[in-house]
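Numbers restart at 1 for each chain; the letters A, B, ... are given by sequence-line order, proteins then strands.
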There are 2 protein chains.
Amino acid sequence: MTGKNKPVSSRRLRFAVIAIDVVLFTVMDNALKVLLMHVHRPPFFIHRLGVPGGLIDPKETADEAAYRHLAEKGGFNDVALEQLGTFSAIDRDPRGRVVSVAYMGLVPQGKSGLPDDRDVCFQSVDNLPPLAYDHNRIVASAVEHLRTKIAYTAAVAAVLPKLFSFGDLQRIYEIILGYPLDKRNLRKKIMTLGMLKKVGKKRSGAAHRPAELYTFVKQKNSADKRVF
Amino acid sequence: MTGKNKPVSSRRLRFAVIAIDVVLFTVMDNALKVLLMHVHRPPFFIHRLGVPGGLIDPKETADEAAYRHLAEKGGFNDVALEQLGTFSAIDRDPRGRVVSVAYMGLVPQGKSGLPDDRDVCFQSVDNLPPLAYDHNRIVASAVEHLRTKIAYTAAVAAVLPKLFSFGDLQRIYEIILGYPLDKRNLRKKIMTLGMLKKVGKKRSGAAHRPAELYTFVKQKNSADKRVF
DNA sequence: CCAAAAGTGTTTGTTATACACCCATGG
DNA sequence: CCATGGGTGTATAACAAACACTTTTGG
């Protein structure tokens, strides 16, 4: 996203303004969803949707701006964000030159933290409508990044509750990736990451064998990584 | 890099200007080197060095600005650049708020393309002096990125001449990575990338068996990558 | 006893690593 | 003939992928 509430008057600018956009994912209703907000900037964007974002303030870094806008517009705090890249196509904002640093984050399933009745919502990343600005592109890049990243990190921890079963975890992976996984192989792969700890309780109450519950433990820093 | 020739007057700005910085690598004299330029911005930077860079113009993308500044300041054309990330620490440029998009590229060994007697030079990435702005940080990030990337792409093609021997290639890898490699294993790994073609000639003239010469062929696009 | 999800091992193929010797040439 | 870098293969370990049955519970 790019505009805040006041329109961008390009006459006041040296040549560009800097914004951030945040692609905030969650997993809900069996789908990978992204947080979208109502964008209305006639005559360019009439009742479109776009990811939350806004300008960088003089006294904050891009990272700080990303956290701030996400908190202000979506009510999300304590989300780990990661920089994706910077989008600078000249006409990405038809109102003026705006360069945007894109971020990506993940929040827990379901409990949205969203104030009710705001013009923000999560929508499935499949079949997104045309979004404002270059946000389809930004979201696509974020999805690709997310899919790559969960293969070798514990990024899904952010979307799972404190305690979860292996089945929960597998569902998250399958929804994000969009294809089914073998549960034995997934278990092995996840276990080799060494970030999962059995918590010693089980979840009963369903019409099947109770599931062991797990929790994520701190990621170990991976020393210096030899690539060969 | 951040400043151009005119000083950045922050009063004229909405809140920031956008620059690009280019970390241009080459391999020379048995070392991984980075292109540095003289930076003199009293009272902040007195005869320092920094990577080439400059402001983004109103009518160009960040990528275009990177190519332009690299050509203008270093005389390099036809270099493939890749975006590394955006650096936005508030005080990274003590003269005002400047957010910079960092790029990375590789040029062939030796033939520098540099106009003689300019205040630009390649320096070894080890033991760099304190650079202007946050350029030590940017270079460090570029080095890490480069090391990671050569493990699974033919990026080193950019630093090798059209024709090269396997020994040449191995030397490049070892210099970039900073540790020795097994030549049989490297050969297998490179061959599985499928980007190398034997050219049918040999290089004789040295006091040892003549080396087969190779050339890089186009990279094949890797379809959709399943991560599991 | 049935349905539903949980849990578990083995086999096979692929990839990564470690390792040592002969080859062709120039001097 | 010797020094120099060029070129090659194999054995082992680690990892990825495919695959099916038993367990425990609620209803």
**Message:** Counting only heavy atoms and a strict 4.0 angstrom limit, can you tell me which residues of residues 156-175 of chain B come near DNA chain C?
**Reply:**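 Of all residues in residues 156-175 of chain B, none places a heavy atom under 4.0 Å from DNA chain C.
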
**Message:** Listing request: all salt bridge (Lys or Arg N to Asp or Glu O under 4.0 Å) pairs with a residue in residues 175-184 of chain A, at least two apart in sequence or in separate chains.
**Reply:**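 Qualifying pairs: A:Asp182-A:Arg184.
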
**Item:** Heavy-atom pair of closest approach, residues B:Gly50 and B:His135
**Value:**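 Nearest heavy atoms, B:Gly50 then B:His135: CA-ND1, 3.5 Å.
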
**Asked** Does A:Arg171 offer a backbone N or O that forms a donor-acceptor pair with the side chain of A:Glu174 under 3.5 Å?
**Response**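 Between the backbone of A:Arg171 and the side chain of A:Glu174 there is no qualifying donor-acceptor contact (under 3.5 Å).
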
Give a yes or no on whether a salt bridge exists between [X] and [Y], defined as a side-chain N under 4.0 angstrom from a carboxylate O.
X        : Y        : value
B:Glu82  : B:Lys149 : yes
B:Arg203 : B:Asp168 : yes
B:Arg68  : B:Glu72  : yes

**Prompt:** So which one's nearest nucleotide on DNA chain D is more toward 5', B:Val227 or B:Leu213?
**Reply:**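 First, find each residue's nearest nucleotide; the 5'-ward one identifies B:Leu213.
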
Quick one: [X] [atom1] to [N] [atom2], roughly how many Å, whole number?
X        : N      : atom1 : atom2 : value
B:Leu186 : D:dG9  : CG    : C1'   : 16 Å
A:Leu181 : D:dA18 : CG    : P     : 11 Å
B:Met191 : D:dT8  : CE    : C1'   : 12 Å
A:Lys189 : D:dA14 : NZ    : C1'   : 13 Å
A:Tyr152 : D:dA16 : OH    : C1'   : 18 Å
B:Arg187 : C:dT15 : CZ    : C1'   : 19 Å
A:Ile190 : C:dG7  : CD1   : C1'   : 16 Å

**Item:** Under 3.5 Å side-chain donor-acceptor pair for B:Thr86 and A:Thr86
**Value:**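 Note: B:Thr86 and A:Thr86 side chains meet the donor-acceptor criterion.
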
**Message:** Would you say A:Tyr67 and A:Asn77 are linked by a side-chain donor-acceptor pair, where the criterion is simply a distance under 3.5 Å?
**Reply:**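 There is no such pair between these side chains.
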
**Message:** Can you confirm whether B:Phe25 sits close enough to B:Phe122 that some side-chain heavy atom of one is under 4.5 Å from a side-chain heavy atom of the other?
**Reply:**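 No. Closest side-chain heavy atoms not under 4.5 Å.
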
**Item:** Axial bend angle, the helix from C:dC1-D:dG27 to C:dG27-D:dC1: five-pair end segments, nearest 10°
**Value:**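 It comes to 10° between the two terminal axes.
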
**Message:** Return a single string for nucleotides 19-27 of chain D, one symbol per nucleotide in 5' to 3' order, where B is base contact, S is sugar-phosphate-only contact and - is none, cutoff 4.0 angstrom on heavy atoms.
**Reply:** BB--BBBS-

**Item:** Residue list, ring pair (Phe, Tyr, Trp, His ring centres under 6.0 Å) with A:Tyr152, at least two apart or on another chain
**Value:**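 In terms of ring pair (Phe, Tyr, Trp, His ring centres under 6.0 Å), with neighbours along the sequence ignored, A:Tyr152 is linked to no residue.
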
**Request:** Not counting sequence neighbours, list each pair that qualifies as a ring-ring contact (aromatic ring centres under 6.0 Å, His included) and has a residue in residues 179-216 of chain A.
**Result:**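 ring-ring contact (aromatic ring centres under 6.0 Å, His included) check on residues 179-216 of chain A returns A:Phe164-A:Phe216, A:Phe166-A:Tyr214.
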
